[in-house]
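The figures that follow rest on heavy atoms only: side chains count, while hydrogens, waters and symmetry mates do not. Worth saying up front: this structure is predicted, and the values here are computed from it rather than measured.
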Amino acid sequence: MYLSDMAGVLERRWYLILAGALITAAAANPAVHTQDRYLASEVLMIQPPVSEYAPNPVTGLYPSIAVTAAAVANRLNTADSQEMFKGKGVTGTYKFEPRNTGTRQEPRYVIGSMSITNISTDEQAGLRSLAILRTTYEQELKQMQDEYNVKKGLRITVALLVPPSSTLLTHSPLRSLIGVGLLGAVGTCAVAFWTDAILGRRRKRAKTAAATANSPNWTDQLVRSAP
């Protein structure tokens with residue numbers, strides 16, 4: 001298809017272009033006026049109990065401890081837990097994510113660290129939500145060990161590895177406007193070309209059916225020639 005053909009399609013389907021422009025303009029308004037968002041985050045370290053064989057908790061870490069931390073995180077990332085956190089006052093979106101400290105040669109969780117993030121439109125509300133998330137995580141870890149009757153001296157504990165902090169997520173209204181405009185233009189043109197192709201095939205089938213209906217029907221039997 002040449003540029004002249006494409007221009008002809010867009011000219012014939014001007015109403016689709018107009019509808020696409022209106023939809024794009026409606027979608028661009030909320031994209032440009034998006035509220036500022038803040039990313040609150042902290043990192044916890046899941047450590048084993050201190051013993052005479054491992055006085056430094058970091059030297060006694062094992063992948064199994066990281067797996068236990070990940071199991072608690074998976075439980076708190078479910079839809080039911082999201083409703084529970086919402087009732088506790090957590091705003092925005094949150095995520096518990098185990099951090100892999102392994103290497104390519106040893107791709108496994110060596111240090112049981114847990115990253116907790118919260119994205120909210122209010123900085124202070126995000127930090128308060130982060131505190132609720134951290135407290136609930138510690139309670140879930142304690143409850144899991146209570147269920148298995150783990151002695152206090154053998155329990156896994158939580159330590160703060162990276163303190164809570166909040167960062168403003170940058171937002172560019174110009175980039176948002178350009179992005180929505182490009183998506184709207186591409187989508188509108190695709191719909192226009194697709195609609196024109198569908199209607200063109202329908203017209204072609206209608207013309208073929210009309211030509212077949214108007215063609216003469218030969219009913220005379222053929223005369224066999226003499227041998």
With [X], which residues qualify under side chain to side chain donor-acceptor pair (under 3.5 Å), at least two apart?
X: Lys95; result: none
X: Tyr148; result: none
X: Ser81; result: Thr78
X: Glu42; result: Arg134

Return the minimal non-hydrogen interatomic distance between [X] and [Y], and the atom names on each side.
X: Ala28; Y: Leu177; answer: CB-CD1, 3.9 Å
X: Ala192; Y: Leu16; answer: CA-CD1, 3.8 Å
X: Leu160; Y: Val162; answer: CD1-O, 3.5 Å

Reported [atom1]-to-[atom2] distance for the pair [X] and [Y], which is rounded to 0.5 angstrom:
X: Arg75; Y: Thr136; atom1: CZ; atom2: OG1; answer: 12.5 Å
X: Glu123; Y: Ser165; atom1: CD; atom2: OG; answer: 9.5 Å
X: Thr68; Y: Met144; atom1: OG1; atom2: CE; answer: 6.5 Å
X: Asp36; Y: Asp122; atom1: CG; atom2: CG; answer: 11.0 Å
X: Phe85; Y: Asn118; atom1: CZ; atom2: CG; answer: 10.5 Å

Under the criterion side chain to side chain contact (heavy atoms under 4.5 Å, CB included), I'd like the reasoning laid out for Thr117 against Glu97: C-alpha separation, chi angles, the key distance, then a yes or no.
CA-CA 8 Å; Thr117 57; Glu97 186 176 8; 6.0 Å; no
Is [X] atom [atom1] crowded by more than 12 heavy atoms from other residues, nucleotides or ligands, each under 6.0 Å away?
X: Glu147; atom1: CD; value: yes
X: Lys88; atom1: NZ; value: yes
X: Arg202; atom1: CZ; value: no

Starting from Val191, can I reach Val180 by hopping between I/L/V/M/F/W/Y residues whose side chains sit under 4.5 Å apart?
no
For Tyr137, which residues count as a ring pair (Phe, Tyr, Trp, His ring centres under 6.0 Å) partner, sequence neighbours excluded?
Phe96
Taking C-beta and beyond as the side chain, do [X] and [Y] meet within less than 4.5 Å on heavy atoms?
X: Met114; Y: Val158; result: no
X: Leu183; Y: Thr24; result: no
X: Asp80; Y: Met84; result: no
X: Gln82; Y: Tyr94; result: yes

Trace of the side chain to side chain contact (heavy atoms under 4.5 Å, CB included) decision for Leu127 with Tyr38
CA-CA 9 Å; Leu127 292 174; Tyr38 294 88; over 6 Å; no
For residues 156-166, the salt bridge (charged side-chain N to carboxylate O under 4.0 Å, His left out) pairs (sequence neighbours left out) are none
Please report the C-alpha distance between Leu161 and Leu44 in whole Å, then the side-chain angles of each, then the deciding distance to 0.1 Å, and finally whether the side chain to side chain contact (heavy atoms under 4.5 Å, CB included) criterion is met.
CA-CA 5 Å; Leu161 187 60; Leu44 305 178; over 6 Å; no
Kindly give the cluster partners of Leu169, where membership spreads through any ILVMFWY side chain lying under 4.5 Å from a current member.
Leu39, Ile119
Should side-chain heavy atoms under 4.5 Å link Ile, Leu, Val, Met, Phe, Trp and Tyr, which residues sit in the same cluster as Ile198?
Trp194
Apply side chain to side chain contact (heavy atoms under 4.5 Å, CB included) to [X] and list each qualifying residue two or more places apart in sequence or on a separate chain.
X: Asp146; value: Lys142, Arg155
X: Arg12; value: Val9, Asp196
X: Ala190; value: none
X: Thr91; value: Ser120, Ala125, Ser129

Check step by step if side chain to side chain contact (heavy atoms under 4.5 Å, CB included) holds for Val72 and Ile46.
CA-CA 11 Å; Val72 178; Ile46 316 303; over 6 Å; no
